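Report on one structure; see the data block that follows.
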Amino acid sequence: GGFAASGSLLTRMYMVKYAVLWSTGTPERYRRALLGDDMMIIGLPMLLVAFVTLLVSHALFPDERDFRILGPLPVLRLVVFRAKLAALLMFTGLFTTAAHVSLVPLMLLTSLNPWGEGSVIVRLAAWAIASLTASAFAILTIAAVVGILVLPLSRSRLQSLSTIMRSIVLGLLVVCLPLVSHLPSLGAPLSRGDAWMVLVPPAWFLGFERVMQGSPDPGLARLALIGIVAAVVVAAIVAATYMVLFRHFERLMIRPAPTSPPCWRRDRLASRSRTTPPFRGVFGFTIA
């Protein structure tokens, strides 16, 4: 419901802008405005699914708890990994689909070109492919960051570092909120081919969209290539993380049980040696 309301609100806001463009604008001004607005329409779902993926980042990969619980059961490791991956795809896919469906009216509005340039059907199809690819890139980027942290920190005493890094990523995503709202103003530098636009991920996938629409602009083609390479790289990192965990899970993730309690705990228990065994048991359990 929130996504549908937001999409309707954006459509209502942009009706005024495009009414002015259609009545007083020129084809070049319209194309420049469309570049920025298309970047925003691609960037919004990217930011949304990145937030959602980060919030469930603790469940992206099978962990020690999964195997402590499921290990004694007649459940194949392949089933555990397949279920984990399927749950991730279904959960993020739900938000990705809702975000894109809510933006369809806005896309239809911006596709009404009074100068008759391009096909609405081709534009919608290119946007759907490029924007879904961009959202998949956002999901895989968060998963790749988590995967890179999971492997070296899983058995160490630095697991709190993983939480700190996730908090930093969350802060960066919050910082991106005003940047996404600023994307519609970047149509002019993108049309000029400014070099710094390669630092704007939504521009990569806008280039991919325009290439599928048959744009001859070499700058957009370069951005499209960057986006495709980046998506392949993060997908490879996530796939490699799953593969390494699948083959060496016990060695990487399951920490050995301590053979004896820490010295401070032994001293505390020794000082209460005259208490009853039930008390010692409850005390040891509570401390643990």
Side-chain angles (χ1 to χ4, degrees), residues 1-50 95-135 137-138 176-194 196-197 199-221 223-224 227:
F3 297 150
S6 301
S8 300
L9 178 62
L10 283 173
T11 304
R12 177 67 183 86
M13 292 168 57
Y14 273 80
M15 280 181 179
V16 178
K17 175 180 179 179
Y18 278 84
V20 174
L21 282 174
W22 295 336
S23 59
T24 63
T26 62
E28 181 58 32
R29 183 182 173 193
Y30 172 82
R31 285 192 290 267
R32 195 163 54 240
L34 197 61
L35 283 174
D37 293 339
D38 280 356
M39 267 196 295
M40 188 270 296
I41 295 174
I42 291 174
L44 276 177
M46 288 180 68
L47 187 60
L48 170 68
V49 297
F95 285 90
T96 302
T97 303
H100 284 84
V101 170
S102 68
L103 291 174
V104 168
L106 180 57
M107 276 301 297
L108 290 172
L109 173 68
T110 58
S111 300
L112 299 177
N113 190 322
W115 294 276
E117 298 178 356
S119 167
V120 175
I121 301 299
V122 172
R123 173 171 158 76
L124 287 176
W127 166 72
I129 295 173
S131 189
L132 288 173
T133 305
S135 296
F137 166 77
C176 287
L177 279 171
L179 298 181
V180 170
S181 65
H182 190 63
L183 288 177
S185 64
L186 299 183
L190 184 60
S191 63
R192 293 193 303 264
D194 290 0
W196 61 269
M197 290 301 298
L199 302 177
V200 184
W204 306 343
F205 300 97
L206 175 63
F208 185 34
E209 175 189 332
R210 289 296 193 268
V211 168
M212 286 187 286
Q213 291 179 254
S215 173
D217 190 330
L220 293 175
L223 290 173

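Quick caveat: nothing in here was measured; it's all calculated off a predicted structure.
With sequence neighbours left out, the side-chain hydrogen bond (donor to acceptor under 3.5 Å, both in side chains) criterion links R123 to D38, T110, S111. Qualifying salt bridge (Lys or Arg N to Asp or Glu O under 4.0 Å) partners for D194, counting only residues two or more places apart in sequence or in other chains: R192.
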| Stepwise, does the side-chain contact (heavy atoms from CB on, under 4.5 Å) test hold for L190 with L220? | CA-CA 8 Å; L190 184 60; L220 293 175; 4.2 Å; yes

*How far apart are the C-alpha atoms of L108 and L124, what are their side-chain angles, what is the distance that settles it, and do they pass the side-chain contact (heavy atoms from CB on, under 4.5 Å) test?*
CA-CA 8 Å; L108 290 172; L124 287 176; 3.5 Å; yes

Test D217 against R210 for side-chain contact (heavy atoms from CB on, under 4.5 Å), laying out the working first. CA-CA 9 Å; D217 190 330; R210 289 296 193 268; over 6 Å; no

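Distance check, rounded to the nearest 0.5 Å: CG of L186 to CE of M197 gives 5.0 Å. Here the CG-CE distance, from D37 to M107, works out to 10.0 Å after rounding to the nearest 0.5 Å. Here the CG-CD1 distance, from L183 to I42, works out to 10.0 Å after rounding to the nearest 0.5 Å. Residue L103 holds its CG atom at 6.5 Å from CG of L44, rounded to the nearest 0.5 Å. Rounded to the nearest 0.5 angstrom, R32 CZ and L34 CG are separated by 12.0 Å. To the nearest 0.5 Å, atom CE of residue M39 and atom NE2 of residue H182 are 9.5 Å apart.
By the 4.5 Å heavy-atom criterion applied to side chains, T133 and W204 are not counted as neighbours.
Taking both residues in full, the closest heavy atoms of M15 and L109 are given as N-CD2, 3.7 Å, listed atom of the first, atom of the second, then distance. Among all heavy-atom pairs drawn from A126 and E209, the shortest one is CB-O, 3.7 Å. In plain terms, the two heavy atoms of S191 and L35 that are nearest each other are CB-CD1, 3.8 Å. Minimum heavy-atom separation, P202 to G43: CG-CA, 3.9 Å. Nearest heavy atoms, L48 versus A99: CD2-CB, 3.6 Å. The two residues Y14 and P184 have their closest heavy-atom pair at OH-CG, 3.5 Å.
Aromatic ring pairs are classed by plane angle as parallel below 30°, tilted from 30° to 60° and perpendicular above 60°; the pair F95 and F3 is perpendicular. Between H100 and W127, the ring-plane angle classifies as tilted under the 30° and 60° cut-offs.
Side-chain atoms of S135 never come within 3.5 Å of backbone atoms of L132 as a donor-acceptor pair (strictly under, hydrogens ignored).
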